[in-house]
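Report on the structure given below.
Note that ligands are numbered from 1 as they come in the structure, with each ligand's atoms numbered from 1 the same way.
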Amino acid sequence: MSTRRKFLFSSAAASIAALAGKRSFGAASYQTRKNDPVVVSTWDFGKAANAEAWKTLRNGGSALDAVEAGVKIPEADPNNHTVGYGGYPDREGHVTLDACIMDEQYRCGAVMCLEHIKHPIAVARLVMEKTPHVQLVGEGALQFALANGFQKENLLTPESEKAWKEWLKESKYEPVMNIENQNNLPGGPYNHDTIGMLAMDAKGHLSGACTTSGMAFKMRGRVGDSPIIGAGLYVDNEVGAATSTGVGEEVIRIVGSHLVVELMRQGYTPKAACKEAVERIVRRNPKKAKDIQVGFLAINKKGVYGAYALQKGFTYSVKSGREEKIYDAESKWK
Ligand code: ASP
């Protein structure tokens, strides 16, 4: 598209959105200069991940390299019980990891229910780059990782094992919302939260990565939204990118991240698109939507970002040449 046509297209889209009342809802979105690199990611712990991604972005590296490097930080952190090493196990005591990655050419790769490998995101990238497939699961994903030089490791830390054993006493599957942002929560060791990261590099290209240990104490073999392209992550380099966190089953039902990107294509701002996706979850089952958390985070081609969640407490981290911040996302229920 010529620059002029692009301009006309985006102005037309903006007017349509304005007429439809779908403009930005306030502070938590930001316009960067054209092709100013920017990286955004879910939760407070995204801040350290962004800082790592930024090392690549600020040196003119690709968004793809940036997001992979960034999410490896929480993957390797034993104190983060929702991603990678140290993640809480399933109800049988196995740490099973899910991850996916997507670049500016619709290339994508994913691993699901992968055990013993500390960096599932790196395996997902190899699936994308070295195989004719998009997804590898379980034993096959492990075989592929080992054949490509990854080391088999024990990912269940003593702390996570203790939490699991504690959980076994009652064995109640009741995910606690926003656990990453609630230190010393008295409700027990239940846990979920995921890192979804979206970046735009100096060429204006978008990429994203999403990685998680999934819902703590889930059924063996359970896979959520995070490694599913379109649900936990979607990147369309013409329009924008989106990612999600929260109860994955609800995100899968609405193919959440793809929905957010398609809404941005229609002219919604990133935040308004995230809000509409959340509203769709509410419309499907208003009663259930009261008790669970789902949050979406999105960025468009201009580097404008925004987020929205069902419940209060969803935060996201932003790093660009101008700011390094953690924002509270607006939410449906206050
Ligand atoms: N979305 C993840 C899952 O369902 C968990 C989370 O982000 O809290 O596995």
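Of all the heavy atoms of Arg222, the ones lying under 4.0 Å from any atom of ligand 1 belong exclusively to the side chain.
Geometrically, ligand 1 and Thr245 share a nitrogen or oxygen pair separated by less than 3.5 Å. Between Asp225 and ligand 1, an N or O atom pair is found at a separation short of 3.5 Å. Geometrically, ligand 1 and Thr194 share a nitrogen or oxygen pair separated by less than 3.5 Å. Polar contact with ligand 1: absent for Val247 (N/O pair, distance under 3.5 Å). Below 3.5 Å of separation, one finds no N or O of Gly224 facing any N or O of ligand 1.
Side-chain contact check for His81 versus Ser213: every heavy-atom pair is 4.5 Å or farther apart. Proximity of Glu276 to Tyr308: side-chain heavy atoms (C-beta onward) are nowhere separated by under 4.5 Å.
Counting atoms of ligand 1 from 1 in the listed order, those under 4.0 Å from a heavy atom of Asp193 are 6 (C), 7 (O), 8 (O). Residue Gly246 has at least one heavy-atom neighbour below 4.0 Å for each of these atoms of ligand 1: 1 (N), 2 (C), 3 (C), 4 (O), 5 (C), 6 (C), 7 (O), 8 (O). Ligand 1 places these atoms under 4.0 Å from at least one heavy atom of Gly214: 9 (O). For ligand 1, the atoms sitting less than 4.0 Å from at least one non-hydrogen atom of Gly248 are 4 (O), numbered in the order shown with element in parentheses.
Proximity of a side-chain donor or acceptor of Ser317 to a complementary backbone N or O of Trp43 within less than 3.5 Å is detected.
Residues Tyr106 and Asp236 have side chains that bring a donor and an acceptor to within less than 3.5 angstrom of each other. A donor and an acceptor atom, one from each side chain of Ser244 and Asp225, are located under 3.5 Å apart.
Checked against the 6.0 Å centroid criterion, the rings of Tyr327 and Tyr316 qualify as a close aromatic pair.
With His119 as reference, Glu75 is the one residue of Glu75, Arg125, Glu153 to meet the side chain to side chain donor-acceptor pair (under 3.5 Å) rule.
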